[in-house]
Visitor: 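Below is the structure I would like to discuss, written out as structure tokens.
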Amino acid sequence: MNIIIPLISGLIFGFGLMISGMTQPGKVIGFLDILGAWQWDLMGVMGSALVVNGIGYAIMKRREGPLLSGFQFPNFKIDLDRRLLGGAALFGLGWGLAGICPGPALVSLATLKVELLTFVGMMLAGMLLMNWLDSRG
Amino acid sequence: MTILDLNPVIGGALIGAASAVLYAFQGRIAGVSGILGGSLKGEALNWRLPFLIGLIVSAFVGSSISDLWGIDDPFVNTAPRNLMTLGIAGFIVGVGSRLGNGCTSGHGICGVARGSKRSISAVIVFMTTGVITAVVSQHVINALVTD
């Protein structure tokens with residue numbers, strides 16, 4: 001059960017990404033490029049996802065813990081800091097360059113296209129670098 | 001072509017549902033950069049690997065979904081980029097998502113859904129730089145970033 005839930009979540013998440021068109025970088029760029037022929041798709045995806053997830057969160061907020069025993073809700077950080085905002089600024093820069101972010105990139109790996117392999121390979125490199133820098137304290 | 005294409009809304013609802021399920025049952029955040037980044041550290045692989053496997057394997061059902069849903073190709077790209085640009089973009093996305101502790105799924109869908117000030121701020125920031133970069137990529141340096 002503990003493995004099944006994340007597995008199913010990942011599967012449905014992937015289906016959602018494909019059906020919503022978010023695995024098409026052109027649609028992401030189409031949304032972000034406000035000077036071009038604007039595509040509303042990403043806004044629709046986000047809005048819909050937020051509504052559904054928001055309802056789920058609102059229901060769970062009343063509970064002490066998750067539905068499965070032995071699990072806890074996380075302690076969330078509250079304060080804004082430069083890491084958060086600097087990181088977000090960088091993330092947006094990378095995202096706006098190619099219209100690809102981690103989720104869709106992983107789903108698209110199945111195509112084995114060299115474009116995706118390049119993106120994912122370098123994304124992993126960037127993550128590994130950050131992990132390493134963080135571990136050095 | 002349909003007048004009102006509801007696929008984004010339907011797909012978004014599935015993404016939201018997937019996130020809600022993971023949180024409701026196990027109290028975990030469906031933020032792909034966090035799950036991937038944490039996996040690279042070898043942490044909590046017992047749930048992170050299944051999620052990533054689900055995500056990757058979902059694509060193998062992709063062609064069936066396309067047939068069912070009437071999408072031509074879930075992976076077509078009308079804004080192609082050359083390999084150098086893709087490599088740079090990927091690297092920056094990797095660094096930025098780890099530095100910022102999240103991405104479009106972690107902050108945009110999970111964090112904003114619970115009204116997190118951190119996530120809302122992150123989304124505003126990355127949407128801003130995302131828009132600026134996309135506009136520049138498409139209209140200023142387009143020749144540089146495409147083949």
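So you know, we letter chains A, B, ... as the sequences are listed, proteins then strands, and number each from 1.
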Visitor: Atom CE of A:Met18 and atom CG of B:Asp73: how far apart are they, to the nearest 0.5 Å?
Guide: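 The distance works out to 11.0 Å.
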Visitor: Is a donor on one side and an acceptor on the other found under 3.5 Å between the side chain of B:Asn77 and the backbone of A:Gly26?
Guide: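 Pair found, side chain donor or acceptor close to backbone of A:Gly26.
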Visitor: Between A:Leu84 and chain B, which part of the residue has a heavy atom less than 4.5 Å away: side chain, backbone, both or neither?
Guide: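 Contact with chain B: backbone and side chain both.
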Visitor: Side chain, backbone, both or neither: which part of B:Arg28 has a non-hydrogen atom closer than 4.5 Å to chain A?
Guide: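 Only the side chain of B:Arg28 comes within 4.5 Å of chain A.
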Visitor: Top residue by heavy-atom pair count (under 4.5 Å) with chain B, among A:Leu116, A:Val120, A:Ile78, A:Ile8?
Guide: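 Highest number of pairs under 4.5 Å: A:Ile78.
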Visitor: Report the option among A:Leu93, A:Asp41, A:Leu42 that has the most heavy-atom pairs separated by less than 4.5 Å from atoms of chain B.
Guide: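 Going by pairs under 4.5 Å, I would pick A:Leu93.
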Visitor: For B:Arg81 and A:Leu97: C-alpha separation, side-chain torsions, deciding distance, then whether side-chain contact (heavy atoms from CB on, under 4.5 Å) applies.
Guide: CA-CA 8 Å; B:Arg81 298 287 184 258; A:Leu97 252 183; 5.6 Å; no
Visitor: Are A:Ile100 and B:Val93 side-chain neighbours, meaning at least one heavy-atom pair lies under 4.5 Å?
Guide: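 No, every pair of side-chain atoms sits at 4.5 Å or beyond.
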Visitor: Identify which of B:Pro80, B:Ser105, B:Ser116, B:Cys103 forms the greatest number of heavy-atom pairs closer than 4.5 Å to chain A.
Guide: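 Option with the greatest count: B:Cys103.
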Visitor: Compare all side-chain heavy atoms of A:Ile3 with those of B:Asn46 and state whether any distance is below 4.5 angstrom.
Guide: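 A:Ile3 does not reach B:Asn46 side chain to side chain.
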Visitor: Can you name the closest pair of heavy atoms from A:Ser108 and B:Phe75 and give their distance?
Guide: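 Closest pair (atom of A:Ser108, atom of B:Phe75, distance): OG-CD2, 3.4 Å.
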Visitor: Specify which of A:Pro25, A:Gly54, A:Gly56 makes the most heavy-atom pairs with chain B at under 4.5 Å.
Guide: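 Between A:Pro25, A:Gly54, A:Gly56, the count favours A:Pro25.
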Visitor: Between A:Gly65, A:Gly21, A:Ala98, which residue shows the highest count of heavy-atom pairs closer than 4.5 Å to chain B?
Guide: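 Among A:Gly65, A:Gly21, A:Ala98, the one with the most close pairs to chain B is A:Ala98.
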Visitor: Determine the option with the most heavy-atom pairs under 4.5 angstrom with chain A, choosing from B:Leu52, B:Leu83, B:Asn101.
Guide: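 Of B:Leu52, B:Leu83, B:Asn101, B:Leu83 has the most heavy-atom pairs under 4.5 Å with chain A.
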Visitor: Looking at A:Leu128, A:Asp33, A:Ile12, A:Thr118, which one has more heavy-atom pairs under 4.5 Å with chain B than the rest?
Guide: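 Looking at each option in turn, the highest pair count goes to A:Asp33.
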Visitor: Which pair of non-hydrogen atoms, one from A:Cys101 and one from B:Thr104, has the smallest distance, and what is that distance?
Guide: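 Residues A:Cys101 and B:Thr104, closest heavy atoms: SG-OG1, 3.2 Å.
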Visitor: So what's closer than 4.5 Å to chain B heavy atoms on A:Val51: side chain, backbone, both or neither?
Guide: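 No part of A:Val51 comes within 4.5 Å of chain B.
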Visitor: Starting at CG of A:Leu90, measure out to CZ of B:Arg98 and round the result to the nearest 0.5 Å.
Guide: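 Nearest 0.5 Å value for the CG-CZ distance: 14.5 Å.
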Visitor: Which is it for B:Leu99 and A:Phe91 under the side-chain contact (heavy atoms from CB on, under 4.5 Å) test, yes or no, and what are the steps along the way?
Guide: CA-CA 9 Å; B:Leu99 192 63; A:Phe91 172 80; over 6 Å; no
Visitor: Any sub-3.5 Å donor-acceptor pair from A:Asn53's side-chain atoms to B:Ala20's backbone N or O?
Guide: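 A pair under 3.5 Å: yes.
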Visitor: Starting at CZ of B:Phe51, measure out to CG of A:Leu7 and round the result to the nearest 0.5 Å.
Guide: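 CG of A:Leu7 is found 10.0 Å from CZ of B:Phe51.
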Visitor: Would A:Trp95 and B:Met127 count as a side-chain contact (heavy atoms from CB on, under 4.5 Å) here? Give the steps.
Guide: CA-CA 9 Å; A:Trp95 187 41; B:Met127 282 294 177; 3.9 Å; yes
Visitor: Is there a path of hydrophobic side-chain contacts, each under 4.5 Å between heavy atoms of I, L, V, M, F, W or Y residues, that connects B:Val9 with A:Val28?
Guide: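 Linked, B:Val9 and A:Val28 end up in one cluster.
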Visitor: Donor-acceptor pair, A:Asn131 side chain versus B:Gly37 backbone, under 3.5 Å?
Guide: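 Here the side-chain-to-backbone pair exists.
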Visitor: Considering only heavy atoms, which portion of A:Trp40 lies under 4.5 Å from any heavy atom of chain B: side chain, backbone, both, or neither?
Guide: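 Only the side chain of A:Trp40 comes within 4.5 Å of chain B.
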Visitor: Under the 3.5 angstrom rule, does the side chain of B:Gln26 hit a backbone N or O of A:Ile5 as a donor-acceptor pair?
Guide: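 Side chain of B:Gln26 to backbone of A:Ile5, a donor-acceptor pair under 3.5 Å: no, none is there.
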Visitor: Atom CG of B:Leu55 and atom CG of A:Leu17: how far apart are they, to the nearest 0.5 Å?
Guide: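 Reported to 0.5 Å precision, the distance equals 6.5 Å.
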Visitor: Give the member of A:Ile59, A:Val114, A:Asp79, A:Leu80 that has the highest number of heavy-atom pairs under 4.5 Å with chain B.
Guide: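 Most heavy-atom pairs within the cutoff with chain B belong to A:Leu80.
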Visitor: With a 4.5 angstrom heavy-atom cut-off, could you sort out which part of A:Gln72 is near chain B: side chain, backbone, both or neither?
Guide: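 Only the backbone of A:Gln72 comes within 4.5 Å of chain B.
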Visitor: Check whether any side-chain heavy atom of A:Phe13 lies under 4.5 Å from a side-chain heavy atom of B:Leu22, and answer yes or no.
Guide: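 Contact flag for A:Phe13/B:Leu22 side chains = no.
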Visitor: With a cut-off of under 6.0 Å to the ring centre and 45° to the axis, is B:Arg114 in cation-pi contact with A:Phe76?
Guide: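 Yes, B:Arg114 and A:Phe76 form such a contact.
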Visitor: Which region of A:Lys77, side chain (C-beta onward) or backbone (N, CA, C, O), has a non-hydrogen atom less than 4.5 Å from a non-hydrogen atom of chain B, or is it both or neither?
Guide: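 Both the backbone and the side chain of A:Lys77 come within 4.5 Å of chain B.
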Visitor: Let me confirm one number: the OG-CG distance from A:Ser20 to B:Asn7, rounded to the nearest 0.5 Å.
Guide: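 Answer rounded to 0.5 Å: 8.5 Å.
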Visitor: Counting heavy-atom pairs closer than 4.5 Å to chain A, which one of B:Ile53, B:Val135, B:Ile56, B:Thr78 comes out on top?
Guide: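 Among B:Ile53, B:Val135, B:Ile56, B:Thr78, the one with the most close pairs to chain A is B:Val135.
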Visitor: Taking side chain as everything from C-beta outward and backbone as N, CA, C, O, which of these in A:Met127 sits under 4.5 Å from a heavy atom of chain B? Side chain, backbone, both or neither.
Guide: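 A:Met127 touches chain B through backbone and side-chain heavy atoms alike.
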Visitor: Which atom names give the shortest non-hydrogen contact between B:Ser58 and A:Leu11, and what distance separates them?
Guide: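 The pair with the smallest heavy-atom distance is CB-O, 3.6 Å.
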Visitor: Side chain, backbone, both or neither: which part of A:Leu133 has a non-hydrogen atom closer than 4.5 Å to chain B?
Guide: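 The answer is neither part of A:Leu133.
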Visitor: Heavy-atom distances under 4.5 Å only: say whether B:Ser137 touches chain A with side chain, backbone, both or neither.
Guide: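 For B:Ser137, the side chain is the part near chain A, not the backbone.
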Visitor: So, for B:Ser121 and A:Leu85, which heavy atoms are closest and what is the spacing to 0.1 Å?
Guide: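 That closest heavy-atom pairing would be CB-CD2, 4.1 Å.
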Visitor: Under a 4.5 Å cutoff for heavy-atom pairs, which residue among B:Ile109, B:Val21, B:Val136 has the most contacts with chain A?
Guide: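 Among the listed options, the one with the most contacts to chain A is B:Ile109.
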Visitor: Linking I/L/V/M/F/W/Y whenever their side-chain heavy atoms sit closer than 4.5 Å, directly or via other members, would A:Leu32 and B:Ile88 fall into one cluster?
Guide: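 Each belongs to a different hydrophobic cluster.
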Visitor: Main chain of A:Ala89, side chain of B:Thr129: is a donor-acceptor contact present, judged purely on distance under 3.5 Å?
Guide: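 Yes; judged by distance alone, with no hydrogens or angles, the pair exists.
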Visitor: Working note: B:Leu36 + A:Met123, criterion side-chain contact (heavy atoms from CB on, under 4.5 Å); need CA distance, chi angles, decisive distance, verdict.
Guide: CA-CA 10 Å; B:Leu36 187 54; A:Met123 180 177 73; 3.6 Å; yes
Visitor: Please identify, among B:Ala79, B:Ala30, B:Ala89, B:Gly87, the residue contributing the most non-hydrogen atom pairs under 4.5 Å to chain A.
Guide: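 Option with the greatest count: B:Ala89.
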Visitor: Where does A:Thr111 contact chain B at under 4.5 Å (heavy atoms): side chain, backbone, both or neither?
Guide: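 Contact with chain B is through the side chain of A:Thr111 alone.
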Visitor: Using 30° and 60° as the class limits, which term best fits the ring planes of B:Tyr23 and A:Tyr57: parallel, tilted or perpendicular?
Guide: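 Tilted: the ring planes of B:Tyr23 and A:Tyr57 meet at 30° to 60°.
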Visitor: Looking at B:Arg118 and A:Asp81, is any side-chain nitrogen of the basic one under 4.0 Å from a carboxylate oxygen of the acidic one?
Guide: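 Salt bridge present between A:Asp81 and B:Arg118.
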Visitor: Heavy-atom pairs under 4.5 Å with chain A - which of B:Lys117, B:Lys41, B:His107 has more of them than the others?
Guide: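 The answer is B:Lys41.
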Visitor: What are the two closest non-hydrogen atoms of A:Phe119 and B:Leu86, and how far apart are they?
Guide: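 Minimum heavy-atom separation between A:Phe119 and B:Leu86: CD1-O, 3.5 Å.
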Visitor: Would you name the heavy atoms of B:Phe60 and A:Ala110 that are closest together and state the gap between them?
Guide: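 Where B:Phe60 meets A:Ala110 most closely, the heavy atoms are CZ-CB, 3.9 Å.
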Visitor: To the nearest 0.5 angstrom, please state how far the CD1 atom of B:Ile15 sits from the CE atom of A:Met22.
Guide: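 So the gap between those two atoms works out to 8.0 Å.
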Visitor: Which atoms of B:Ile132 come close to chain A, meaning under 4.5 Å heavy atom to heavy atom: side chain ones, backbone ones, both, or neither?
Guide: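 Neither part, no heavy atoms under 4.5 Å.
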